[in-house]
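Some notes on the structure that comes next.
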There are 2 protein chains.
Amino acid sequence: MQKPTYHHGNLKAALLSVALDHVRQYGADKISLRALARDLGVSQTAPYRHFADKDALLAELAAEGFNLLAQALQPATQTAQHDPVSAMEQAGASYVKFALTHPEHYRLMFGSAHFHDRCFPGLDRTTEQSYDAILQIIEAGISQGVFRAAATELLALSAWSTVHGLASLLIDELIDQSRVEDNEQLIKAIANTLMQGILTPPT
Amino acid sequence: MQKPTYHHGNLKAALLSVALDHVRQYGADKISLRALARDLGVSQTAPYRHFADKDALLAELAAEGFNLLAQALQPATQTAQHDPVSAMEQAGASYVKFALTHPEHYRLMFGSAHFHDRCFPGLDRTTEQSYDAILQIIEAGISQGVFRAAATELLALSAWSTVHGLASLLIDELIDQSRVEDNEQLIKAIANTLMQGILTPPT
DNA sequence: CGACACATGTTGACACTGAGTACATTGAAT
DNA sequence: ATTCAATGTACTCAGTGTCAACATGTGTCG
């Protein structure tokens, strides 16, 4: 509805939009360019004018996902300067919430190592972007002395590993829900354990 | 070479074996039953005698993977009774090492939530098996007072999240290797952070 | 011992779906 | 009027899953 100025509308954006719907509904592995084309009432080969192949489209979708994730972490980074601890907790919660809100999108973002076999410019940059958010918070915490005086990268990767692992296990339903009272509780508890490992120990 | 006693060998085992090769070489998503059949010099329809469909074969392969993982964690669980801390470190290292040694297999095991849409008996059981290994160690640690007096499940899930997250990030090459000296160091450092969160704080 | 059932595997189809390519066509802008 | 990007048409190739008909070892039961 934005730019119907063209021949048949701006197909690229439309494709990405519909693709996202399909990813959400059926998962990234089930996506078919043909199905997208059908949904848009366009020929099977039209998508190839805009994307070299299916992976290229998925890569763009993944990049979009990383942008959204970085956006979701934005508020936490702003808290970082005056309260790194809260910022950390906030970031962790936002991260996992993002993953649970967009499970298939998240899976697409992280579940496709083959993206790195080929060079998809833009993807790497957006990945960094999300990681930098964590990095900033850790840096603030260390420089203020509330976080353990370790290498920034190491603490950041610890945190990332934990939230990414938790998010993945939850999304893939590998955590036996009957053993856990409630996801909110679980997330908080794990965040707490993580923080204990990151915080400067009380003297 | 083991049991050529049969009509054409015991195809099921052969299929799983070749499938594993293919998973290792090309990844689970690229597997094709036809290709497996070709490799074994067998007709295209033969695999269907043994597996309802491709997913069924992949599910069995995943189950095998979980068995191997549980096996890899075995030594650590035996250490658990007399030294939960070492056991924990050992388990973490073994876990990540397993993932890095069999990256595609690991991805297959965890990257396919669709397995849970359909009921694959045996898969759930083997998954539990690996998780139980962690659980045992945590239990020992808590009962001996060296681990924080928290709910066993919560500590176990913290640990699992961390190692699974780390393993996934490493496998998917999402960790910028230029920023990290060496994976061994990284794994130890993250294990250390995790342990700080799990250990009973010094009084 | 012989006959028969049964599981395993073969052959040769078939319907369906998707990826990707070559070449023709449209239509908007210059 | 021409040009060029955006789209369409018509194809090839490969994989999944299915089917029916047939072949051959294996074991069982009379």
Side-chain angles (χ1 to χ4, degrees), chain A residues 1-23 25-62 104 108 112 114-115 117-120, chain B residues 1-23 25-62 104 108 112 114-115 117-120:
Chain A
M1 303 301 136
Q2 297 161 345
K3 292 181 183 177
T5 36
Y6 204 67
H7 196 190
H8 277 73
N10 56 350
L11 188 54
K12 182 165 182 175
L15 278 168
L16 285 170
S17 162
V18 177
L20 185 52
D21 286 349
H22 281 224
V23 166
Q25 282 188 46
Y26 317 111
D29 48 331
K30 303 256 170 90
I31 245 186
S32 120
L33 291 186
R34 293 161 111 79
L36 301 183
R38 270 196 301 270
D39 270 26
L40 292 170
V42 112
S43 83
Q44 297 179 341
T45 54
Y48 289 95
R49 193 49 58 173
H50 302 280
F51 302 98
D53 54 20
K54 193 163 74 159
D55 278 352
L57 186 149
L58 290 177
E60 286 215 20
L61 224 47
E104 291 297 347
L108 165 64
S112 311
H114 57 274
F115 287 162
D117 295 352
R118 290 168 51 186
C119 161
F120 286 112
Chain B
M1 308 298 140
Q2 297 162 345
K3 291 181 180 177
T5 38
Y6 203 69
H7 197 190
H8 276 74
N10 55 351
L11 187 54
K12 182 166 183 174
L15 279 168
L16 285 171
S17 162
V18 178
L20 185 51
D21 287 348
H22 281 223
V23 166
Q25 282 187 46
Y26 317 110
D29 46 330
K30 302 255 170 92
I31 247 186
S32 123
L33 290 186
R34 290 162 117 79
L36 301 182
R38 270 196 301 270
D39 269 26
L40 291 170
V42 112
S43 79
Q44 297 180 341
T45 53
Y48 290 96
R49 291 272 176 208
H50 301 279
F51 302 99
D53 55 20
K54 195 164 72 160
D55 277 352
L57 186 149
L58 290 177
E60 285 216 20
L61 223 49
E104 291 296 348
L108 165 65
S112 313
H114 58 275
F115 287 162
D117 296 351
R118 290 170 51 186
C119 160
F120 285 111

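Because the structure is predicted, anything quoted here is derived from the model rather than measured. The chains referred to below are lettered A, B, ... by the order of the sequence lines, with proteins before strands, and numbering in each begins at 1.
Rounded to an integer number of Å, the gap from CG of L33(B) to P of dG17(D) is 6 Å. The distance between atom CZ of R34(A) and atom C1' of dT12(D), rounded to the nearest whole Å, is 11 Å. Rounded to an integer number of Å, the gap from NZ of K12(A) to P of dA6(D) is 10 Å. Rounded to whole Å, atom P of dC19(D) lies 12 Å from atom OH of Y48(B). With rounding to whole Å, D29(B) atom CG is found 14 Å from dA19(C) atom P. Rounded to an integer number of Å, the gap from K30(A) NZ to dA19(C) C1' is 18 Å. The distance between atom NE2 of H22(B) and atom C1' of dG15(D), rounded to the nearest whole Å, is 14 Å. In this structure, the CZ atom of F51(B) is 15 Å from the P atom of dT18(D), given to the nearest Å.
Residue I31(B) is classed as a sugar-phosphate contact, given heavy-atom separations below 4.0 Å to backbone atoms only.
Two residues are said to be in side-chain contact when any heavy atoms from C-beta on lie closer than 4.5 Å; L15(A) and V42(A) fail this criterion. In this structure, L58(A) and F120(A) have side chains that are not in contact, with every pair of non-hydrogen atoms separated by 4.5 Å or more. Side chains of E104(A) and Y26(A) form no contact here, defined as non-hydrogen atoms less than 4.5 Å apart.
Remark: R38(A) is not in phosphate contact with dT17(C), judged by side-chain N or O atoms under 4.0 Å from OP1 or OP2. Distances shown here put a side-chain N or O of H50(A) below 4.0 Å from the OP1 or OP2 atom of dT7(D).
The minimum heavy-atom distance between L16(B) and L61(B), with the atom names listed, is O-CD1, 3.5 Å.
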Walk me through whether H50(A) and L11(A) qualify under side chain to side chain contact (heavy atoms under 4.5 Å, CB included). CA-CA 8 Å; H50(A) 302 280; L11(A) 188 54; 3.7 Å; yes
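Among the nucleotides dG17(D), dA19(C), dT10(C), the one closest to any side-chain atom of A46(B) is dT10(C). Of the candidates dG8(D), dT11(C), dG9(C), the closest approach to any side-chain atom of S43(B) belongs to dT11(C). Listed nucleotides dG8(D), dG9(C), dT18(D) differ in distance to T45(B); the shortest reach to its side chain belongs to dT18(D).
Residue-to-nucleotide contacts include no donor-acceptor pair under 3.5 Å from the side chain of R49(B) to the base of dT8(C).
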